[in-house]
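The structure under discussion appears below in the form of structure tokens.
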Number of protein chains: 2
Amino acid sequence: MKPKISDVAKVAGVSPTTVSRVLNNRGYIGKETREKVHEAMEKINYYPNDIARSLYIKKTFLIGVIFPTTSNPFYGQLIFHLENYANSLGYKVLLCNSQGREDKEKSYLQMLQRNQVDGVIAGAHNRGIEEYDIPNLPVVGFDRYLSKNTPVVSSDNYEGGRLASQLLIDKGCKNIIHINGPIDLETPANLRREAYEKVMRDNQLTPITYETTRDNEEVIKRLFDDHPEVDGIFASDDLIAANVMREARKRNISIPNDLKLIGYDGTQTTRILLPELSTIEQPIKDIAEKCVDILIKQIDGEREDIQQHTILPVRLIDAETT
Amino acid sequence: MKPKISDVAKVAGVSPTTVSRVLNNRGYIGKETREKVHEAMEKINYYPNDIARSLYIKKTFLIGVIFPTTSNPFYGQLIFHLENYANSLGYKVLLCNSQGREDKEKSYLQMLQRNQVDGVIAGAHNRGIEEYDIPNLPVVGFDRYLSKNTPVVSSDNYEGGRLASQLLIDKGCKNIIHINGPIDLETPANLRREAYEKVMRDNQLTPITYETTRDNEEVIKRLFDDHPEVDGIFASDDLIAANVMREARKRNISIPNDLKLIGYDGTQTTRILLPELSTIEQPIKDIAEKCVDILIKQIDGEREDIQQHTILPVRLIDAETT
DNA sequence: TTGTAGGCGTTATCAA
DNA sequence: TTGATAACGCCTACAA
């Protein structure tokens, strides 16, 4: 069936070893031999079996990527860059959509180990799982502390929260409310809220935070009902911000006249679908590349120069909703 | 290092064969032996090496998934469902972002073969590539003819195009223009345009199509400049539609009063970020599951009951832009 | 410069 | 019911 090295060897009239040498450019090979081998490979349409190779060299060039879902434009874009950059460095990506479920995450992690991945990049909304503390398995977390010694990459959540809150204040808002998704006390994303609270207090204002769980819309309605005086909202992601826009429209609250609104993430998709939304843009590509770089450093055993926590800068996009 | 079957065997005091039997539940195994083996596995924290297993059984339970980019909400959502469903059936997903580039697609295809994937699901915007005609490699195409014998799954593009065009006409539009992305004559997505043209002619109207390549915005501007009389636009995807909305706003063209607009795709993300946009919703989850089902049938050698072309129904969402 | 032999971790065959 | 052995396709000592 599928041609193997020994088939090439037969056709070329050499030994399998020689073929392997040609394949890997190792050791001495005669010019003629090399050509003969190449011709033979062409002729029978040979390509190497990476599975067999991996088994021997104990390295798969596979990395597992665990995130809630590629459906979300932020993760979709992040994963695009992860895969793209990893690919440019010779690594392949095994995709895992955890849906933020701890059970799925655990079983994915097992699956990845059975598949001998060289490393794992994970980010999600649930609490750090002990299971990530796996000896000999390089791991990098995005926006999330996975275990004591796993490096974390994130963007500057505190600065993002500060920029967003400050902007609302600078534009004259007095009653500013923060909405965020399910909070995990141990994720860096929580810093957005801390920054918001700090800015508020520095300006003699009272911070109020609403937390959404499943149902954004319900929470948002409650927010407007509870606080008709609200004139500024900082949403912890653009999807929530979009929901706020919709609810505001329903209530005939004019943005940005009556209410100023800023979101978070600034994905390509949001910028196309909802360019009028002010937001904090995360450097998604940089995040992805940093994650991969750090992971590969670990894989290559360069433990020295690995930063435990890498923080990348965010950018304020002051568009039409503020 | 990593424990292997023979390590388990030693601890349990049996032979590797027996351990393998326990692992795979094959043949006769004594109750006590089974327990001993299980204990031993627990004790040394053993998990099987799927690479080695794959090498022997010549099956990896890996499927390659080639699409332009997970950044795009449509593909992101499709890939989420592909992975999710494949996972539920015991298959793992190798992710490939082709960016619609033929060279990348070819090299991914090679990579996937070297990794011995059991099959490939691919969809993209460029022309069918001969390279997909690979003996013994099951392939399924989404919205795209890949080669003579590869099954295709798509949603009902013709009906979608018809519904969209007819809606604009029903709402009183007289000067309706269609915009689509780069057209490949051989993809089913082209049917959207054909339906549009048919509907137009059936109503004694002249079809006009603008094709965008890279720069949506430029094309859209030209469209408005060329046709100030336009009162209806059918965009072949929601992102283009969003660009139209933006340009219309810039020109003080009121939607839906002066101009009615309908997009295509209806992803979850669009529904959240831009719920007011009328669109044709594709059954993304069904598409994904159908792709996987058909692929696995091929993998399992059930060639009989494989439909060459599966078409799934679309749904009209008549929102606020029409 | 090239070939032979053994091993990577697993599974299946066959014998015990 | 269990164990020894060979094989999956490749790679690397070591020998020639």
Side-chain angles (χ1 to χ4, degrees), chain A residues 1-41 44-62 110-118 136, chain B residues 1-38 40-41 44-62 90 110-118 136:
Chain A
M1 272 229 359
K2 277 183 195 160
K4 42 193 188 181
I5 267 191
S6 62
D7 296 324
V8 179
K10 254 176 231 157
V11 175
V14 298
S15 80
T17 313
T18 304
V19 177
S20 173
R21 282 208 186 85
V22 173
L23 229 56
N24 300 296
N25 258 319
R26 233 183 283 286
Y28 305 103
I29 328 147
K31 209 159 202 154
E32 285 188 22
T33 322
R34 163 175 277 127
E35 278 168 19
K36 266 193 303 184
V37 170
H38 274 130
E39 280 169 24
M41 296 198 302
I44 66 176
N45 190 25
Y46 169 83
Y47 58 92
N49 181 331
D50 277 355
I51 292 286
R53 197 203 300 259
S54 295
L55 180 59
Y56 186 86
I57 64 176
K58 289 172 179 298
K59 165 142 188 173
T60 55
F61 289 96
L62 228 44
Q110 281 203 3
M111 178 277 273
L112 294 174
Q113 287 181 264
R114 295 162 66 119
N115 281 277
Q116 315 298 119
V117 296
D118 292 339
N136 306 318
Chain B
M1 274 230 355
K2 277 182 194 159
K4 40 192 189 182
I5 267 191
S6 61
D7 296 322
V8 178
K10 254 176 230 158
V11 174
V14 298
S15 78
T17 312
T18 304
V19 177
S20 173
R21 280 207 187 85
V22 173
L23 228 57
N24 300 296
N25 258 319
R26 233 184 285 285
Y28 304 103
I29 328 149
K31 209 161 204 149
E32 284 188 23
T33 321
R34 162 175 278 126
E35 278 168 19
K36 268 193 303 186
V37 170
H38 274 129
M41 296 197 304
I44 65 176
N45 190 24
Y46 169 84
Y47 58 92
N49 181 329
D50 277 356
I51 292 286
R53 198 202 299 260
S54 294
L55 179 58
Y56 188 86
I57 67 176
K58 290 173 178 296
K59 164 143 190 172
T60 54
F61 289 96
L62 228 43
Q110 279 202 5
M111 179 276 274
L112 293 175
Q113 288 181 264
R114 295 162 67 118
N115 281 275
Q116 316 297 121
V117 296
D118 293 338
N136 307 318

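Chain naming here is simple, since letters A, B, ... match the order of the sequence lines and numbering starts at 1 in each.
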task = Considering just the side-chain nitrogens and oxygens of B:Thr33, establish if one lies under 4.0 Å of OP1 or OP2 belonging to D:dT2.
result = yes
ask   = Is any side-chain heavy atom of B:Val8 less than 4.5 Å from a side-chain heavy atom of B:Val22?
value = no
Spacing between A:Tyr28 atom OH and D:dT12 atom C1', to the nearest angstrom = 16 Å
task = Check whether any side-chain heavy atom of B:Arg34 sits under 4.5 Å from a side-chain heavy atom of B:Asn25, and report yes or no.
result = yes
request  = Quick one: label B:Leu55 by what it contacts on the DNA or RNA (base, sugar-phosphate, nothing), any heavy atom closer than 4.0 Å.
outcome  = base
ask   = Should B:Met41 and B:His38 count as side-chain neighbours, where that means a heavy-atom distance under 4.5 Å?
value = yes
query = B:Lys58 side chain: which of C:dT11, C:dT2, D:dC8 is closest?
reply = D:dC8
remark   = Picking from C:dT4, C:dT1, D:dT2, the nucleotide nearest the side-chain atoms of A:Ser15 would be C:dT4
ask   = Quick one: which of C:dG3, D:dG9, C:dG9 gets closest to the side chain of A:Lys4?
value = D:dG9
task = Looking at every strand, decide which applies to B:Ile29 at a 4.0 Å heavy-atom threshold: base, sugar-phosphate, or nothing.
result = sugar-phosphate
message = From CD1 of B:Ile51 over to P of D:dC11, roughly how many Å is that when rounded to an integer?
response = 14 Å
task = Starting from P on C:dG9, measure out to OH on B:Tyr47 and report it in whole angstrom.
result = 12 Å
query = D:dC10, C:dT10, C:dG3: which one has an atom nearest the side-chain heavy atoms of B:Arg53?
reply = C:dT10
query = NZ/A:Lys2 to CG/A:Asn49 distance, rounded to the nearest 0.5 angstrom?
reply = 7.0 Å
query = Which whole-number value in Å describes the distance from B:Asn115 CG to D:dC10 C1'?
reply = 14 Å
Give each protein N/O atom lying under 3.5 Å from an N/O atom of nucleotides 12-16 of chain C, with the pair distance.
unit_1, atom_1, unit_2, atom_2, d
C:dA12, OP2, B:Arg26, NE, 3.0
C:dA12, O4', B:Tyr56, OH, 2.9

note = Across all chains, not counting sequence neighbours, the ring pair (Phe, Tyr, Trp, His ring centres under 6.0 Å) partners of A:Phe61 are A:Tyr91
note = To the nearest angstrom, the NZ-C1' distance between A:Lys36 and C:dT1 comes to 12 Å
request  = Rounded to the nearest angstrom, tell me the gap between atom CD in A:Glu35 and atom C1' in C:dT1.
outcome  = 16 Å
task = Return the value, rounded to whole Å, for the distance between atom NZ of B:Lys31 and atom C1' of D:dT2.
result = 18 Å
query = Any ion pair linking B:Asp50 and B:Arg53 (charged N to carboxylate O, less than 4.0 Å)?
reply = yes
inquiry  = What is the separation between atom NZ on B:Lys59 and atom P on C:dT11, rounded to the nearest whole Å?
reply    = 15 Å
query = With a 4.0 Å cut-off on heavy atoms, is A:Pro16 in touch with a base, just the backbone sugar-phosphate, or nothing at all?
reply = nothing
request  = Measure the spacing between CD1 of B:Ile57 and CG of B:Asn24 and express it to the nearest 0.5 Å.
outcome  = 8.5 Å
